Amino acid sequence: MSLFEDELHYTIATRLEKRDALIEAGHEPYPYRFQRTHYNQDLHTQYDALESGVETEDVVRLAGRIMAIRNNGMFLDLHDTSGKIQAFCHKESLDEDLLAILKLLDVGDMVGVEGSIRRTPRGELSVRVKRFEILCKALLQLPEKYHGLTDVEVRYRQRYLDLIVNEDSRHTLRQRSKIVSAMRRYLDDKGYMEVETPMLHPIAGGASANPFVTHHYSLDQEMCLRIAPELYLKRLIVGGLSDKVFEINRCFRNEGISTRHNPEFTSIELYEAYSDYNDMMSLTETLVQVACLAIHGDLKVEYGDKTLDFIGPWKRASMVDLVTEHSGVDFLPLSEEEARQKANDLGVYVEPTDSWGKVVEAVFAEKVEAHLIQPTHVIDLPRDISPLSKVHRHVARLSERFETYINGWEIANAFSELSDPLDQKARFEDQMKERASGDSEAQPMDEDYVNALGYGLPPTGGLGLGIDRLVMLLTNSPSIRDVILFPTLKVKH
RNA sequence: GCGUCCAUAGCUCAGCGGUAGAGCAGUCCCCUUUUAAGGGAAAGGUCCUGAGUUCGAAUCUCAGUGGACGCACCA
C-alpha cells in the first residue's frame with residue numbers, strides 16, 4: 001500500500017476521514033510531545049506480584065503504538081519499545097468526548113494514555129485508562145497480526161514495517177547492536193583508541209576486491225569507496241597516534257550478493273604495536289567470546305542444526321596441513337607447476353598462471369573450508385597471496401597470517417604486519433604484475449603507504465573481523481540480510 | 001554472470017485452461033472483562049508487466065521486472 005497512488009486505497013481514505021474527525025473534535029493528530037512515566041516493561045517488573053482482579057490507585061502515563069483493538073475498543077494492546085501492556089478503556093472510566101474519540105483510533109496509531117494499574121481477573125496486567133491522547137494518526141494499514149509479514153522482499157525494502165510487526169527481527173537487530181557495543185566497550189577498556197579513517201580512497205588498497213568507483217567533481221578526481229581501512233590504520237601506528245587503534249565501520253566491495261555477502265558490510269579492524277599474529281589469535285577469541293557472552297551469557301550457541309562452541313583455546317592448524325589432511329596431498333614441498341598438476345588431479349580448477357599460493361588456497365577452499373565448523377584458526381597462509389603480511393619466521397613460502405573459520409565461513413583475517421618498506425614495495429610490484437596479467441583484484445601500489453613504512457612501522461599485529469557474519473552466527477540468522485538493517489536491494493521500478 | 005524456484009485482496013494463502021476464493025485486517029450493525037475476543041451484513045482484485053498459443057489464459061509458452069536459493073566471485 002502506498003500514499004502515492006492516483007486513487008488512495010479505501011482503507012487509507014477511511015483513516016483520512018478519521019484524521020479529519022480528530023481535528024474537528026479539537027485533537028491534533030500529530031502533536032509535539034508526551035511526558036511518560038514508565039516503559040511498559042517497567043510495569044511488568046514492578047507489578048509482577050500484583051494479584052489478579054486487584055485495582056491499584058497508582059497512576060502511570062504510557063506511550064506507544066496500538067497493535068490490537070478488541071471488544072469494540074475496550075481493550076487496546078499498547079506496544080512500546082520495551083514490550084506490551086493492555087490498555088483498558090472502560091466506558092465508565094472515560095469522559096464522553098474521549099469515548100467518542102476512541103472510535104477514531106486504529107491499529108497502528110500511536111497514543112499516550114494515563115490511568116491506574118490493575119490486573120484483570122484473567123491475569124493480564126493493564127492500565128485502566130482515564131485519559132488518552134492521540135500521538136500520531138497512522139494512515140497505512142499494518143500487516144495481519146497473526147501471520148505477520150513474511151514476504152522477505154517487503155521485510156527488507158520496508159524494514160520499518162518488519163520491525164513494527166516482527167518481534168524476531170527486532171530481537172536480532174537489537175542483539176546486533178549489543179554485540180557491537182560489547183566489543184567496542186572491551187577494546188575501549190583495554191586502551192584501544194577508536195579512530196575514523198577515510199571511506200573515500202584515491203586507491204582501493206588493503207584487500208583483494210573490486211571497489212565501487214566514483215568521482216569527486218571539484219577535485220576532478222576518481223575516488224573509490226574503501227574496500228578496507230587497513231593501510232590508513234597502519235599509517236596511524238607509524239605516526240604513533242596510539243599503539244592500539246581500531247575502527248568499526250563499513251567496507252564496500254563491488255561483488256556478488258549472497259546470504260553471506262552484502263556490498264557494504266561492517267568490519268572491526270584493529271592494530272596493535274609490538275604484537276604479532278599469535279597475539280591476534282588470542283584477541284580474536286576474546287572478542288568473539290565477549291560478543292557471545294553479551295547476548296547469550298554462555299559460550300555455546302545453536303546455529304541451524306549445529307552447536308558452536310566458542311570456549312578457547314580454539315584449534316590452530318596450518319593451511320597446508322589442513323589441505324594435506326583433507327586432500328591427501330602435501331603441497332608444501334611441491335613446485336608451482338607440480339602444485340597446479342596435483343590440484344587438477346584433485347578436480348580443483350586452477351588457472352595455468354596461478355601461483356603456488358593461489359593453488360593451495362583454491363584446494364583449501366574446495367576441500368577444507370566446509371569442514372571447519374567449530375572455531376579454527378587457519379594459520380600460516382601462503383606468502384604470495386598475503387602481500388601485506390610478514391614472511392613466516394621459519395618457512396619462506398608462508399606468511400604470518402591466519403584466517404579464522406567458524407561454520408565454514410571466514411570470520412577473521414590477521415597478520416604480523418609487514419613492516420619492511422623494501423619488501424612491501426616488492427610485494428606491491430608483484431601484485432601489479434598480477435594485475436597486468438588480468439587479476440582485477442590484485443592490490444594496487446600505494447606509494448605513500450610504502451613511504452610511511454619508510455619512516456618505520458614497529459612490529460605490529462593486525463586483525464580484521466567480519467561483524468555481520470559473526471552476528472549471523474550468534475543470532476542464528478540464515479542470511480546476512482537478516483542482520484543488516486537496510487540490506488542492499490535492486491531498485492524496483 | 002549462470003541455473004532452479006517464486007510473484008493472486010492491505011497481510012497470510014488456496015485456485016493451476018471455462019468470467020476470482022478463504023482467513024485475518026478495514027467498513028457497518030450487535031456485544032463492555034477481552035487477549036488470534038465473539039456473532040451478523042456488505043465491500044474490497046490491471047491474478048507483477050508485455051507478447052504469444054487457444055473459441056477462451058490467473059492457469060500453458062516466450063520475453064521482461066523484482067525477489068529467494070544454489071553456483072561463480074568473494075569476506
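Labels below follow one simple rule: chain letters A, B, ... track the order of the sequence lines, proteins then strands, and each chain is numbered from 1. Quick caveat: nothing in here was measured; it's all calculated off a predicted structure.
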* To do: Identify, with sequence neighbours excluded, every residue that meets ring pair (Phe, Tyr, Trp, His ring centres under 6.0 Å) alongside A:Phe415.
  => none

* Student check: side-chain heavy atoms of A:Asp468 and A:Met472 closer than 4.5 Å -> no

* To do: Pick base, sugar-phosphate or nothing for A:Val165, based on heavy-atom distances below 4.0 Å to the nucleic acid.
  => nothing

* Asked: Around atom OH of A:Tyr39, are there more than 12 heavy atoms of other residues, nucleotides or ligands at under 6.0 Å?
  -> no

* **Touch class at under 4.0 angstrom, heavy-atom based, for A:Asn262 against every strand present** => base

* To do: Would you state whether a donor and an acceptor, one from the side chain of A:Glu144 and one from the base of B:rG23, lie under 3.5 Å apart?
  => yes

* Asked: Can you tell me if A:Tyr277 and A:Lys390 form a side-chain donor-acceptor pair at under 3.5 Å?
  -> no

* Asked: Just checking A:Gly73: base, sugar-phosphate only, or nothing, at a heavy-atom cut-off of under 4.0 Å?
  -> nothing

* With RNA chain B as reference, determine whether A:Ala68 or A:His147 sits nearer its 5' end, using the nearest nucleotide of each. => A:His147

* Base, sugar-phosphate alone, or nothing: which one does A:Ile12 contact when heavy atoms must sit under 4.0 Å apart? -> nothing

* Asked: Charged N to carboxylate O below 4.0 Å: is that the case for A:Arg119 and A:Glu51?
  -> no

* Asked: Do the non-hydrogen side-chain atoms of A:Val348 and A:Lys367 ever get within less than 4.5 Å of each other?
  -> yes

* Asked: Just to confirm, is there a sub-4.0 Å distance from OP1 or OP2 of B:rC13 to any side-chain nitrogen or oxygen of A:Thr150?
  -> yes

* Of A:Gly123 and A:Pro143, whose closest RNA chain B nucleotide lies nearer the 5' terminus? -> A:Pro143

* Please work out if A:Ser126 contacts a base, only the sugar-phosphate, or nothing of the nucleic acid, heavy-atom cut-off 4.0 Å. => nothing

* Gap in Å between the two P atoms, one belonging to B:rA58 and one to B:rU49, rounded -> 10 Å

* **Pairing stems for RNA chain B [at least three consecutive pairs; Watson-Crick or G-U; under 3.5 angstrom]** => B:1-7 with B:65-71, B:10-13 with B:21-24, B:27-30 with B:38-41, B:48-52 with B:60-64

* For A:Arg15, which contact category applies under a 4.0 Å heavy-atom criterion: base, sugar-phosphate, or nothing? -> nothing

* Asked: Contact class for A:Thr120 vs. all strands (heavy atom < 4.0 Å): base, sugar-phosphate, or nothing?
  -> base

* Could you give the distance separating B:rG45 and B:rC2 at their C1' atoms, to the nearest angstrom? => 36 Å

* To do: Test the A:Arg118-A:Phe88 pair against the cation-pi criterion, namely NZ or CZ under 6.0 angstrom from the six-membered ring centroid and within 45° of the ring axis.
  => yes

* To do: For nucleotides B:rC48 and B:rC55, find the distance between their P atoms and express it as a whole number of Å.
  => 25 Å

* Sugar-phosphate, base or nothing in reach of A:Thr259, heavy atoms under 4.0 Å -> sugar-phosphate

* To do: Just call it for A:Glu410: base, sugar-phosphate, or nothing, with non-hydrogen atoms closer than 4.0 Å on any strand.
  => sugar-phosphate

* To do: Considering just the side-chain nitrogens and oxygens of A:His9, establish if one lies under 4.0 Å of OP1 or OP2 belonging to B:rG10.
  => yes

* Asked: Which part of the nucleic acid, if any, lies within reach of A:Lys145 when heavy atoms closer than 4.0 Å are counted: base, sugar-phosphate only, or nothing?
  -> sugar-phosphate

* Asked: Taking CD from A:Glu366 and C1' from B:rA72, how many angstroms apart are they, rounded to a whole number?
  -> 11 Å

* Give a yes-or-no answer on whether the side chains of A:Asn40 and A:Lys84 include a donor-acceptor pair shorter than 3.5 Å. => no

Can you tabulate the close N/O pairs, meaning under 3.5 Å, that link protein atoms to atoms of nucleotides 1-4 of chain B?
none

* Atom-to-atom span, CG of A:Asn254 to C1' of B:rA75 - whole angstrom -> 14 Å

* When all nucleic acid strands are considered with a 4.0 Å heavy-atom cut-off, which category describes A:Lys18: base, sugar-phosphate, or nothing? -> sugar-phosphate

* Short side-chain donor-acceptor distance under 3.5 Å, A:Ser258 and A:Arg481 -> no

* Structure fact -> Rounded to whole Å, the CZ-P distance (A:Arg226 to B:rA75) equals 16 Å

* What is the distance from CD of A:Glu5 to C1' of B:rG44, rounded to the nearest Å? -> 15 Å

* Between B:rA68 atom P and A:Ile480 atom CD1, what is the distance in whole Å? -> 13 Å

* Looking for any heavy atom pair under 4.0 Å, which part of the strands does A:Arg128 touch: base, sugar-phosphate only, or nothing? -> base

* Give a yes/no answer on whether the side chain of A:Arg70 brings an N or O atom under 4.0 Å of OP1 or OP2 in B:rA36. => no

* Asked: How would you label the contact of A:Tyr156 with the nucleic acid (heavy atoms, under 4.0 Å): base, sugar-phosphate, or nothing?
  -> sugar-phosphate

* Asked: Taking only N and O in the side chain of A:Arg481, is any of them less than 4.0 Å away from OP1 or OP2 of B:rC69?
  -> yes

* To do: For nucleotides B:rU61 and B:rA42, find the distance between their C1' atoms and express it as a whole number of Å.
  => 41 Å

* Asked: Can you find a side-chain donor-acceptor pair between A:Asn413 and A:Arg401 that sits under 3.5 Å?
  -> yes

* Asked: Taking the inter-plane angle between the rings of A:Phe428 and A:Tyr449 on a 0 to 90° scale, is it parallel (under 30°), tilted (30 to 60°) or perpendicular (over 60°)?
  -> perpendicular

* Scan A:Asp151 against the nucleic acid and name what it touches under 4.0 Å (heavy atoms): base, sugar-phosphate only, or nothing. => sugar-phosphate

* **A:Gln41 and A:Ser82 side chains, donor-acceptor separation under 3.5 Å** => no

